[in-house]
Amino acid sequence: MSAKSPEDRILAAIRAIPHGQVAGYGEVAHRAGLPGRARLTARILGQNDDPALPWHRVLRSDGRIAFPEGSKAFHEQSQRLRAEGVKVENGRVKRPRKADDLDAALWGPGSR
DNA sequence: AATTTGACCCGTC
DNA sequence: AGACGGGCCAAAT
């Protein structure tokens with residue numbers, strides 16, 4: 001029997017974020033079946049040890065990066081997001097519209 | 001054991 | 001857009 005703990009669900013929800021897309025902490029928590037536990041998601045992300053975990057796809061609700069501007073993690077996350085076709089401007093992330101998504105699919109990674 | 005802190009969120013001003 | 005207050009939970013002090 002699978003007695004999944006909240007952590008496992010949160011991690012699963014984060015891993016479920018598709019390439020080129022982003023989700024908020026609360027969104028991930030809600031998706032994991034834990035509404036209102038956004039802080040739990042944050043804590044788990046800080047404790048996670050999985051390098052394969054797309055932590056860079058997790059942002060605040062405002063679409064802002066959770067790290068202080070100028071921080072190394074901040075820069076890394078923004079760069080990683082850009083590499084996936086997500087527009088990042090001044091620490092703010094713009095959700096890819098259809099046109100942008102198509103553009104990213106054509107000119108983004110994997111395409112030549 | 002109580003208080004503070006933390007990769008947060010929401011409603012309201 | 002930014003500021004305030006309240007809520008949430010677990011680890012750290």
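Treat the numbers as computed from the prediction; the structure is a model and nothing was measured. Lettering of chains follows the sequences in order, A, B, ..., and the numbering in each one begins at 1.
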What's the CZ-P distance between Arg80(A) and dA7(B), to the nearest Å? 18 Å
If I take atom CZ in residue Arg37(A) and atom C1' in nucleotide dG7(C), what distance separates them, rounded to the nearest angstrom? 10 Å
Take atom C1' in dC4(C) and the same atom in dA7(B), then report the distance between them in whole Å. 22 Å
Rounded distance in Å - CD (Glu76(A)) to C1' (dA7(B)): 13 Å
What's the separation between atom NE2 in His30(A) and atom CG in Leu34(A), rounded to the nearest 0.5 Å? 10.0 Å
Would you say the side chain of Trp55(A) lies within less than 4.5 Å of the side chain of Ile14(A), judging by non-hydrogen atoms? no
Side chains of Gln79(A) and His56(A): is there a donor and an acceptor less than 3.5 Å apart? no
Heavy atoms only, 4.0 Å cut-off, all strands: where does Gly26(A) land among base, sugar-phosphate and nothing? sugar-phosphate
It should be established whether Arg43(A) places a side-chain nitrogen or oxygen under 4.0 Å from OP1 or OP2 of nucleotide dA10(C). no
To the nearest Å, give me how far apart CG (Leu40(A)) and C1' (dC8(B)) are. 11 Å
On DNA chain C, does the nearest nucleotide to Arg92(A) precede the nearest nucleotide to Ala38(A) from the 5' side, or the other way round? Give the residue. Arg92(A)
What's the CD1-C1' distance between Ile10(A) and dC8(B), to the nearest Å? 12 Å
Determine whether more than 12 heavy atoms belonging to other residues, nucleotides or ligands lie under 6.0 Å from atom NE2 of His19(A). yes
Mind checking whether Ile17(A) and Val22(A) have side chains closer than 4.5 Å, heavy atoms only? no
With sugar-phosphate meaning primed atoms plus P, OP1 and OP2, does Arg39(A) contact a base, only sugar-phosphate, or nothing at under 4.0 Å between heavy atoms? base
Rounded to whole angstrom units, what separation is found between the CD1 atom of Ile44(A) and the C1' atom of dA7(B)? 12 Å
Between dC8(B) atom P and Leu45(A) atom CG, what is the distance in whole Å? 10 Å
Let me know, please, whether Gly36(A) or Gln47(A) comes out on the 5' side of the other along DNA chain C by nearest nucleotide. Gly36(A)
For Arg9(A) and dC9(C), give me the distance from atom CZ to atom P, rounded to whole Å. 15 Å
Would you tell me if any nitrogen or oxygen in the side chain of Ser61(A) comes within less than 4.0 Å of OP1 or OP2 on dC8(B)? no
